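Since this is a predicted model, take the numbers as computed values, not measurements. In the text below, chain A, chain B and the rest are named by the order of the sequence lines, each starting its count at 1. The figures here come from the full heavy-atom set of this structure, side chains too, leaving out hydrogens, waters and symmetry mates.
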Amino acid sequence: MKRREFIKTIMIGSLAFFLIKPAKSKDIFVYVVDSKKCIGCGSCVKACRAENHVPERKYRTWVERYVVTSNGELENIFVESPNGGEFGFGDLDVDENEILRAYFVPKLCMHCDKPPCVKVCPVNATWITEEGVVLIDKSHCIGCKYCIQACPYGARYFNHHEKVVDKCTWCYHRIMRGMRPACVTVCPTGARMFGKLQDEHIQKTLRERNIRILKPELNTRPKVFYENVGWEVW
Amino acid sequence: MKHVRRALVVFINILIILIVVIFGIKGLGEEVYPAIADKLFGVEGIYGTSGEQKEIIKKPVHAEGREYCSKCHEEIYRKSDQGKHNFDCQTCHGAASDHPKMRLKVDSSREFCLGCHKATIGRDNETIRVLHNWENHGKDRVCTACHDPHHPWFD
(Lines give C-alpha, C1' and ligand atoms only; values in the text may rest on other atoms or scores of the structure.)
Protein backbone atom coordinates (compact mmCIF):
# COMPACT_ATOMS: atom_id res chain seq x y z
CA MET A 1 0.00 0.00 0.00
CA LYS A 2 1.30 3.39 -0.92
CA ARG A 3 1.59 6.12 1.59
CA ARG A 4 -1.01 8.26 -0.12
CA GLU A 5 -3.56 5.44 -0.10
CA PHE A 6 -2.78 4.65 3.50
CA ILE A 7 -3.37 8.23 4.60
CA LYS A 8 -6.59 8.35 2.57
CA THR A 9 -8.04 5.23 4.21
CA ILE A 10 -7.02 6.46 7.65
CA MET A 11 -8.75 9.79 7.06
CA ILE A 12 -11.96 8.23 5.74
CA GLY A 13 -11.94 5.66 8.49
CA SER A 14 -11.54 8.20 11.25
CA LEU A 15 -14.24 10.42 9.74
CA ALA A 16 -16.67 7.51 9.60
CA PHE A 17 -15.79 6.59 13.20
CA PHE A 18 -16.58 10.03 14.56
CA LEU A 19 -19.60 10.84 12.43
CA ILE A 20 -21.53 7.70 13.38
CA LYS A 21 -23.04 8.48 16.75
CA PRO A 22 -23.50 5.60 19.16
CA ALA A 23 -27.10 4.48 18.94
CA LYS A 24 -28.94 5.21 22.15
CA SER A 25 -31.06 2.56 23.73
CA LYS A 26 -34.80 2.94 23.23
CA ASP A 27 -35.54 1.79 26.76
CA ILE A 28 -35.05 5.13 28.46
CA PHE A 29 -36.44 5.23 31.97
CA VAL A 30 -38.39 8.25 33.12
CA TYR A 31 -39.87 9.23 36.46
CA VAL A 32 -43.06 11.23 36.87
CA VAL A 33 -44.09 12.90 40.14
CA ASP A 34 -47.66 14.06 40.63
CA SER A 35 -47.41 16.70 43.33
CA LYS A 36 -51.18 16.76 43.87
CA LYS A 37 -51.17 13.14 45.03
CA CYS A 38 -48.26 13.51 47.45
CA ILE A 39 -49.44 13.64 51.06
CA GLY A 40 -46.03 14.09 52.65
CA CYS A 41 -46.10 10.93 54.74
CA GLY A 42 -42.40 10.23 54.25
CA SER A 43 -42.71 6.50 53.58
CA CYS A 44 -40.63 6.90 50.41
CA VAL A 45 -37.73 8.36 52.38
CA LYS A 46 -37.93 5.52 54.90
CA ALA A 47 -38.09 2.87 52.18
CA CYS A 48 -35.12 4.41 50.39
CA ARG A 49 -33.11 4.37 53.59
CA ALA A 50 -33.91 0.71 54.20
CA GLU A 51 -33.26 -0.35 50.63
CA ASN A 52 -30.02 1.52 49.98
CA HIS A 53 -28.56 1.82 53.50
CA VAL A 54 -28.49 5.60 53.32
CA PRO A 55 -26.69 7.00 56.39
CA GLU A 56 -28.65 9.13 58.82
CA ARG A 57 -29.30 12.76 57.99
CA LYS A 58 -28.45 12.05 54.34
CA TYR A 59 -31.14 11.63 51.74
CA ARG A 60 -31.30 10.13 48.29
CA THR A 61 -34.86 11.31 48.03
CA TRP A 62 -36.59 13.86 50.18
CA VAL A 63 -39.90 15.68 50.32
CA GLU A 64 -40.26 19.45 50.39
CA ARG A 65 -43.31 21.46 51.34
CA TYR A 66 -44.03 24.64 49.44
CA VAL A 67 -46.43 27.06 51.09
CA VAL A 68 -47.30 30.22 49.17
CA THR A 69 -49.04 32.88 51.23
CA SER A 70 -50.30 36.35 50.52
CA ASN A 71 -51.92 38.97 52.73
CA GLY A 72 -52.87 41.54 50.15
CA GLU A 73 -49.32 41.77 48.86
CA LEU A 74 -47.30 39.77 46.40
CA GLU A 75 -46.74 36.09 47.12
CA ASN A 76 -44.51 34.94 49.94
CA ILE A 77 -42.95 31.55 49.43
CA PHE A 78 -42.02 29.29 52.30
CA VAL A 79 -40.15 26.05 51.69
CA GLU A 80 -39.30 23.49 54.33
CA SER A 81 -38.13 19.93 54.56
CA PRO A 82 -37.77 18.86 58.22
CA ASN A 83 -35.60 15.70 58.31
CA GLY A 84 -36.14 15.37 54.57
CA GLY A 85 -39.83 14.83 55.29
CA GLU A 86 -39.03 11.42 56.71
CA PHE A 87 -41.21 11.82 59.80
CA GLY A 88 -43.94 13.85 58.19
CA PHE A 89 -44.68 17.53 58.41
CA GLY A 90 -45.83 19.50 61.43
CA ASP A 91 -48.08 22.48 61.81
CA LEU A 92 -47.10 25.88 60.54
CA ASP A 93 -47.63 29.25 62.13
CA VAL A 94 -49.55 30.71 59.20
CA ASP A 95 -53.12 31.89 58.82
CA GLU A 96 -55.06 29.32 56.80
CA ASN A 97 -56.92 32.05 54.93
CA GLU A 98 -53.70 33.61 53.70
CA ILE A 99 -52.51 30.43 51.99
CA LEU A 100 -52.77 30.65 48.24
CA ARG A 101 -51.48 27.19 47.52
CA ALA A 102 -49.53 24.54 49.40
CA TYR A 103 -48.20 21.25 48.18
CA PHE A 104 -45.51 18.64 48.69
CA VAL A 105 -42.76 18.11 46.16
CA PRO A 106 -40.74 14.89 46.32
CA LYS A 107 -37.22 15.47 45.09
CA LEU A 108 -34.59 13.04 43.92
CA CYS A 109 -31.77 12.75 41.42
CA MET A 110 -33.05 13.97 38.06
CA HIS A 111 -30.84 11.55 36.10
CA CYS A 112 -30.15 14.28 33.57
CA ASP A 113 -29.54 13.44 29.96
CA LYS A 114 -26.65 15.91 30.06
CA PRO A 115 -25.45 15.47 33.62
CA PRO A 116 -23.15 18.22 34.89
CA CYS A 117 -21.90 15.90 37.64
CA VAL A 118 -20.55 13.40 35.10
CA LYS A 119 -18.74 16.16 33.27
CA VAL A 120 -16.78 17.40 36.27
CA CYS A 121 -15.62 14.06 37.68
CA PRO A 122 -11.83 14.05 37.43
CA VAL A 123 -11.51 10.24 37.53
CA ASN A 124 -14.61 9.28 35.49
CA ALA A 125 -16.04 7.47 38.49
CA THR A 126 -19.57 8.49 37.53
CA TRP A 127 -21.19 7.79 34.20
CA ILE A 128 -24.54 7.52 32.45
CA THR A 129 -25.73 4.09 31.42
CA GLU A 130 -27.57 3.10 28.25
CA GLU A 131 -30.85 3.23 30.13
CA GLY A 132 -30.15 6.82 31.11
CA VAL A 133 -29.32 6.15 34.75
CA VAL A 134 -26.42 8.07 36.28
CA LEU A 135 -24.34 5.75 38.47
CA ILE A 136 -21.23 6.01 40.65
CA ASP A 137 -18.36 3.56 40.84
CA LYS A 138 -17.72 3.53 44.57
CA SER A 139 -14.41 1.74 44.22
CA HIS A 140 -13.14 4.44 41.89
CA CYS A 141 -14.53 7.58 43.53
CA ILE A 142 -11.82 9.58 45.27
CA GLY A 143 -14.31 11.65 47.28
CA CYS A 144 -13.31 15.04 45.92
CA LYS A 145 -16.97 16.20 46.05
CA TYR A 146 -16.75 18.17 42.81
CA CYS A 147 -19.95 16.51 41.63
CA ILE A 148 -21.82 17.60 44.77
CA GLN A 149 -21.08 21.19 43.84
CA ALA A 150 -21.83 20.66 40.18
CA CYS A 151 -25.27 19.14 40.74
CA PRO A 152 -27.83 21.96 40.44
CA TYR A 153 -30.50 19.84 42.16
CA GLY A 154 -28.54 18.98 45.30
CA ALA A 155 -29.11 15.29 44.74
CA ARG A 156 -25.66 14.04 45.74
CA TYR A 157 -24.37 13.59 49.26
CA PHE A 158 -21.13 12.50 50.85
CA ASN A 159 -21.21 9.10 52.53
CA HIS A 160 -18.94 9.53 55.54
CA HIS A 161 -18.78 5.80 56.27
CA GLU A 162 -17.57 4.74 52.86
CA LYS A 163 -15.81 8.06 52.13
CA VAL A 164 -17.40 8.31 48.70
CA VAL A 165 -20.10 10.39 47.08
CA ASP A 166 -23.43 8.66 46.79
CA LYS A 167 -26.71 9.40 45.09
CA CYS A 168 -30.03 8.00 43.96
CA THR A 169 -29.63 5.22 41.40
CA TRP A 170 -33.37 4.79 40.78
CA CYS A 171 -32.69 1.50 42.60
CA TYR A 172 -30.70 0.24 39.64
CA HIS A 173 -30.55 -3.29 41.09
CA ARG A 174 -34.34 -3.34 41.26
CA ILE A 175 -35.24 -1.86 37.89
CA MET A 176 -32.83 -4.23 36.15
CA ARG A 177 -34.81 -7.10 37.70
CA GLY A 178 -38.05 -5.67 36.36
CA MET A 179 -39.13 -4.16 39.67
CA ARG A 180 -39.90 -0.55 40.42
CA PRO A 181 -37.70 1.65 42.64
CA ALA A 182 -38.37 1.32 46.37
CA CYS A 183 -39.86 4.82 46.68
CA VAL A 184 -42.31 4.14 43.84
CA THR A 185 -43.27 0.78 45.31
CA VAL A 186 -44.18 2.09 48.73
CA CYS A 187 -45.95 5.32 47.74
CA PRO A 188 -49.49 4.84 49.14
CA THR A 189 -51.16 7.30 46.77
CA GLY A 190 -49.28 6.64 43.56
CA ALA A 191 -47.75 10.09 43.47
CA ARG A 192 -44.52 8.65 42.10
CA MET A 193 -44.56 6.92 38.75
CA PHE A 194 -41.77 5.09 37.06
CA GLY A 195 -41.42 3.35 33.74
CA LYS A 196 -39.95 3.33 30.31
CA LEU A 197 -40.67 6.23 28.02
CA GLN A 198 -42.81 4.03 25.78
CA ASP A 199 -44.96 2.71 28.61
CA GLU A 200 -48.64 3.52 28.42
CA HIS A 201 -49.07 5.08 31.86
CA ILE A 202 -46.00 7.24 31.31
CA GLN A 203 -47.11 8.37 27.86
CA LYS A 204 -50.53 9.26 29.25
CA THR A 205 -49.09 11.62 31.86
CA LEU A 206 -46.42 13.08 29.60
CA ARG A 207 -49.15 14.21 27.22
CA GLU A 208 -50.62 16.42 29.94
CA ARG A 209 -50.06 20.12 29.59
CA ASN A 210 -49.14 21.00 33.15
CA ILE A 211 -46.05 18.84 33.16
CA ARG A 212 -42.73 20.51 33.74
CA ILE A 213 -39.11 19.86 34.59
CA LEU A 214 -36.99 21.67 37.14
CA LYS A 215 -34.45 24.30 36.08
CA PRO A 216 -34.95 23.90 32.34
CA GLU A 217 -32.75 26.94 31.73
CA LEU A 218 -29.67 24.91 32.67
CA ASN A 219 -30.24 22.53 29.73
CA THR A 220 -29.48 19.47 31.83
CA ARG A 221 -32.49 17.65 30.30
CA PRO A 222 -33.74 15.94 33.49
CA LYS A 223 -35.71 12.72 33.22
CA VAL A 224 -37.84 13.43 36.29
CA PHE A 225 -41.06 15.21 35.36
CA TYR A 226 -43.33 17.11 37.72
CA GLU A 227 -47.07 17.41 37.48
CA ASN A 228 -49.22 20.02 39.24
CA VAL A 229 -46.39 22.09 40.70
CA GLY A 230 -46.24 25.86 40.73
CA TRP A 231 -43.64 28.12 39.21
CA GLU A 232 -41.87 28.53 42.53
CA VAL A 233 -40.54 24.97 42.64
CA TRP A 234 -36.88 25.24 41.99
CA MET B 1 13.27 25.38 -0.48
CA LYS B 2 11.89 21.91 -1.19
CA HIS B 3 12.51 20.46 2.25
CA VAL B 4 10.85 23.42 3.92
CA ARG B 5 7.70 22.92 1.85
CA ARG B 6 7.63 19.22 2.71
CA ALA B 7 7.86 19.92 6.41
CA LEU B 8 5.04 22.43 6.04
CA VAL B 9 2.85 19.85 4.27
CA VAL B 10 3.43 17.32 7.05
CA PHE B 11 2.68 19.95 9.69
CA ILE B 12 -0.58 20.95 7.99
CA ASN B 13 -1.59 17.29 7.71
CA ILE B 14 -1.08 16.77 11.41
CA LEU B 15 -3.08 19.92 12.10
CA ILE B 16 -5.98 18.68 9.94
CA ILE B 17 -6.03 15.32 11.72
CA LEU B 18 -6.09 17.08 15.12
CA ILE B 19 -8.97 19.31 14.07
CA VAL B 20 -10.90 16.31 12.74
CA VAL B 21 -10.39 14.46 16.02
CA ILE B 22 -11.50 17.42 18.14
CA PHE B 23 -14.63 18.05 16.08
CA GLY B 24 -15.34 14.34 15.96
CA ILE B 25 -15.28 14.08 19.75
CA LYS B 26 -17.44 17.19 20.04
CA GLY B 27 -19.85 15.72 17.52
CA LEU B 28 -20.37 12.76 19.79
CA GLY B 29 -21.81 15.14 22.33
CA GLU B 30 -20.27 16.94 25.26
CA GLU B 31 -21.65 14.55 27.81
CA VAL B 32 -19.66 11.55 26.58
CA TYR B 33 -16.50 13.58 26.43
CA PRO B 34 -14.92 12.55 29.75
CA ALA B 35 -15.19 8.83 29.13
CA ILE B 36 -14.17 8.98 25.49
CA ALA B 37 -10.66 7.77 26.20
CA ASP B 38 -11.97 4.57 27.72
CA LYS B 39 -14.30 3.91 24.83
CA LEU B 40 -11.66 4.60 22.18
CA PHE B 41 -9.23 2.10 23.63
CA GLY B 42 -11.92 -0.41 24.43
CA VAL B 43 -11.10 -0.29 28.11
CA GLU B 44 -14.28 -1.05 29.94
CA GLY B 45 -14.62 -1.25 33.64
CA ILE B 46 -11.33 0.32 34.63
CA TYR B 47 -12.98 3.71 34.92
CA GLY B 48 -16.26 2.28 36.03
CA THR B 49 -18.09 2.17 32.73
CA SER B 50 -19.34 -1.39 32.95
CA GLY B 51 -17.67 -3.40 35.70
CA GLU B 52 -19.33 -1.59 38.56
CA GLN B 53 -22.62 -1.55 36.67
CA LYS B 54 -22.77 -5.32 36.88
CA GLU B 55 -21.86 -5.19 40.57
CA ILE B 56 -24.66 -2.75 41.37
CA ILE B 57 -27.21 -5.02 39.68
CA LYS B 58 -26.21 -7.86 42.04
CA LYS B 59 -27.16 -5.88 45.15
CA PRO B 60 -29.83 -7.68 47.20
CA VAL B 61 -33.42 -6.43 47.10
CA HIS B 62 -34.74 -5.59 50.57
CA ALA B 63 -38.30 -4.65 49.81
CA GLU B 64 -40.23 -7.07 47.65
CA GLY B 65 -43.61 -6.20 46.25
CA ARG B 66 -47.18 -6.97 47.34
CA GLU B 67 -47.30 -10.10 45.25
CA TYR B 68 -44.37 -11.51 47.18
CA CYS B 69 -46.27 -11.07 50.44
CA SER B 70 -49.41 -12.61 48.97
CA LYS B 71 -47.68 -15.96 48.63
CA CYS B 72 -48.20 -16.54 52.36
CA HIS B 73 -50.67 -13.85 53.46
CA GLU B 74 -53.21 -14.26 50.72
CA GLU B 75 -56.22 -13.53 52.92
CA ILE B 76 -54.93 -10.12 53.94
CA TYR B 77 -53.84 -9.44 50.40
CA ARG B 78 -57.37 -10.02 49.08
CA LYS B 79 -58.92 -8.00 51.86
CA SER B 80 -56.75 -4.96 51.27
CA ASP B 81 -57.17 -5.25 47.52
CA GLN B 82 -60.83 -4.26 47.82
CA GLY B 83 -60.31 -0.72 49.06
CA LYS B 84 -57.90 2.10 48.65
CA HIS B 85 -55.56 0.61 51.22
CA ASN B 86 -54.29 -1.54 48.36
CA PHE B 87 -50.84 0.02 48.38
CA ASP B 88 -47.70 -1.90 49.11
CA CYS B 89 -47.38 -3.81 52.39
CA GLN B 90 -44.00 -2.29 53.20
CA THR B 91 -45.44 1.22 53.34
CA CYS B 92 -46.62 0.40 56.86
CA HIS B 93 -44.82 -2.84 57.70
CA GLY B 94 -41.33 -1.82 56.61
CA ALA B 95 -38.92 -3.60 54.34
CA ALA B 96 -39.23 -7.38 54.37
CA SER B 97 -35.55 -8.06 53.86
CA ASP B 98 -35.24 -11.30 55.88
CA HIS B 99 -38.82 -11.45 57.05
CA PRO B 100 -39.60 -15.12 57.65
CA LYS B 101 -36.69 -15.23 60.10
CA MET B 102 -37.22 -11.78 61.58
CA ARG B 103 -40.68 -10.76 62.68
CA LEU B 104 -41.90 -7.53 61.15
CA LYS B 105 -42.94 -4.87 63.60
CA VAL B 106 -45.76 -2.52 62.78
CA ASP B 107 -46.44 0.66 64.67
CA SER B 108 -50.08 0.62 65.77
CA SER B 109 -50.09 3.96 67.57
CA ARG B 110 -52.44 6.81 66.71
CA GLU B 111 -49.53 8.91 65.51
CA PHE B 112 -48.64 6.34 62.90
CA CYS B 113 -52.08 6.49 61.27
CA LEU B 114 -52.24 10.25 61.66
CA GLY B 115 -48.93 10.49 59.81
CA CYS B 116 -51.03 10.21 56.67
CA HIS B 117 -54.56 11.03 57.80
CA LYS B 118 -54.01 14.18 59.86
CA ALA B 119 -55.18 17.42 58.28
CA THR B 120 -51.95 19.18 57.33
CA ILE B 121 -51.15 22.22 55.23
CA GLY B 122 -50.43 21.00 51.73
CA ARG B 123 -52.32 17.74 52.02
CA ASP B 124 -54.99 17.41 49.38
CA ASN B 125 -58.46 16.39 50.59
CA GLU B 126 -59.21 14.67 47.30
CA THR B 127 -56.19 12.42 47.48
CA ILE B 128 -56.59 11.16 51.03
CA ARG B 129 -59.36 11.18 53.58
CA VAL B 130 -58.00 13.61 56.15
CA LEU B 131 -59.28 13.75 59.70
CA HIS B 132 -60.05 17.34 60.69
CA ASN B 133 -61.13 16.64 64.26
CA TRP B 134 -58.31 14.21 64.89
CA GLU B 135 -57.87 15.36 68.47
CA ASN B 136 -61.36 14.26 69.49
CA HIS B 137 -62.19 11.46 67.09
CA GLY B 138 -61.71 8.23 69.02
CA LYS B 139 -59.84 9.98 71.79
CA ASP B 140 -57.32 7.94 73.85
CA ARG B 141 -57.88 4.83 71.77
CA VAL B 142 -55.80 3.34 69.03
CA CYS B 143 -57.30 3.54 65.56
CA THR B 144 -57.17 -0.23 65.19
CA ALA B 145 -59.66 -0.59 68.06
CA CYS B 146 -62.44 0.20 65.58
CA HIS B 147 -60.82 0.24 62.14
CA ASP B 148 -59.26 -2.77 60.48
CA PRO B 149 -55.98 -1.38 59.10
CA HIS B 150 -56.23 -3.52 55.99
CA HIS B 151 -59.80 -2.46 55.28
CA PRO B 152 -60.68 0.55 57.46
CA TRP B 153 -64.19 1.15 56.09
CA PHE B 154 -67.40 -0.04 57.67
CA ASP B 155 -69.68 -1.73 55.15
Side-chain angles (χ1 to χ4, degrees), chain A residues 7 11 14-15 17-19 21-22 36-43 46-47 50-51 65-67 87-89 91-92 94 96 99 102-104 113-115 118-119 121 123-129 135-140 169 172-174 176-177 179-180 182 185-191, chain B residues 13 16-17 20-21 23-35 37-40 45-53 55-66 84-92 94-95 97 111 114-118 120-124 126-128 130:
Chain A
I7 290 172
M11 291 283 266
S14 57
L15 254 181
F17 182 82
F18 284 121
L19 286 181
K21 287 194 176 188
K36 200 176 181 181
K37 284 184 187 166
C38 184
I39 53 168
C41 61
S43 50
K46 279 177 210 152
E51 180 76 31
R65 172 158 69 178
Y66 282 73
V67 182
F87 308 109
F89 290 81
D91 283 331
L92 280 181
V94 284
E96 294 251 346
I99 295 172
Y103 46 86
F104 298 101
D113 207 33
K114 296 184 175 179
V118 170
K119 224 186 257 183
C121 183
V123 292
N124 293 349
T126 178
W127 74 100
I128 180 162
T129 68
L135 296 176
I136 297 171
D137 186 344
K138 281 189 184 177
S139 59
H140 211 80
T169 61
Y172 194 70
H173 57 293
R174 289 172 69 94
M176 285 295 113
R177 287 171 205 189
M179 302 163 83
R180 292 172 300 164
T185 314
V186 299
C187 184
T189 55
Chain B
N13 270 338
I16 287 170
I17 289 172
V20 164
V21 166
F23 274 92
I25 289 172
K26 283 218 166 160
L28 284 172
E30 299 174 84
E31 60 273 10
V32 275
Y33 190 74
D38 306 353
K39 279 178 190 159
L40 276 181
I46 188 164
Y47 281 164
T49 39
S50 81
E52 180 71 9
Q53 209 163 314
E55 285 300 308
I56 293 172
I57 294 174
K58 281 183 209 153
K59 268 173 66 178
V61 172
H62 290 285
E64 309 266 356
R66 263 168 76 74
K84 271 204 169 178
H85 268 211
N86 59 352
F87 46 80
D88 210 81
C89 309
Q90 353 157 15
T91 307
C92 300
S97 44
E111 283 68 38
L114 287 172
C116 289
H117 288 283
K118 195 159 104 180
T120 313
I121 295 166
R123 201 161 275 174
D124 194 9
E126 291 166 24
T127 308
I128 187 163
V130 291

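At a 4.5 Å heavy-atom cutoff, A:A47 makes no contact with chain B through either its backbone or its side chain. A:K37 touches chain B through backbone and side chain together, each having a heavy atom under 4.5 Å away. Residue A:T189 touches chain B through its side chain alone, counting heavy-atom pairs closer than 4.5 Å. Residue contact with chain B, scored on non-hydrogen atoms closer than 4.5 Å, involves the side chain of A:L135 exclusively. Both the backbone and the side chain of B:E64 come within less than 4.5 Å of a heavy atom in chain A. Interface remark: A:I7 contributes no atoms to any contact with chain B (heavy atom separation under 4.5 Å).
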- Message: Go through it in stages, so that I can follow the logic: the residues are B:F87 and A:V186, the test is side-chain contact (heavy atoms from CB on, under 4.5 Å), and I'd like the CA-CA distance, side-chain angles, deciding distance and then a yes or no.
- Response: CA-CA 7 Å; B:F87 46 80; A:V186 299; over 6 Å; no
- Query: Can you list the steps and then say if B:T91 with A:K46 is a side-chain contact (heavy atoms from CB on, under 4.5 Å)?
  - Reply: CA-CA 9 Å; B:T91 307; A:K46 279 177 210 152; over 6 Å; no
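Nearest heavy-atom pair across B:V61 and A:H173 is CG2-CD2, 4.1 Å. Considering all non-hydrogen atoms of both residues, B:I57 and A:R177 come closest at O-NH2, 2.8 Å. Residue A:K36 comes nearest to B:E126 through the heavy atom pair NZ-OE1, 3.8 Å, listed as atom of the first residue, atom of the second, then distance.
The choice from B:I16, B:D88, B:V130, B:N13 that makes the most heavy-atom pairs within less than 4.5 Å of chain A is B:D88. Among the candidates B:C89, B:A63, B:G115, B:G94, the residue making the largest number of heavy-atom pairs closer than 4.5 Å to chain A is B:A63.
In this structure, A:R180 contributes its side chain and B:G65 its backbone to no donor-acceptor pair below 3.5 Å.
The structure places SG of A:C41 at 13.5 Å from NZ of B:K118, a figure rounded to the nearest 0.5 Å. The structure places CD1 of B:I56 at 6.5 Å from OG1 of A:T169, a figure rounded to the nearest 0.5 Å. To the nearest 0.5 Å, the span separating NZ on B:K59 from OH on A:Y172 amounts to 12.5 Å.
Under the side-chain contact (heavy atoms from CB on, under 4.5 Å) rule, A:I39 has a single partner from B:D124, B:T120, B:I128, which is B:I128.
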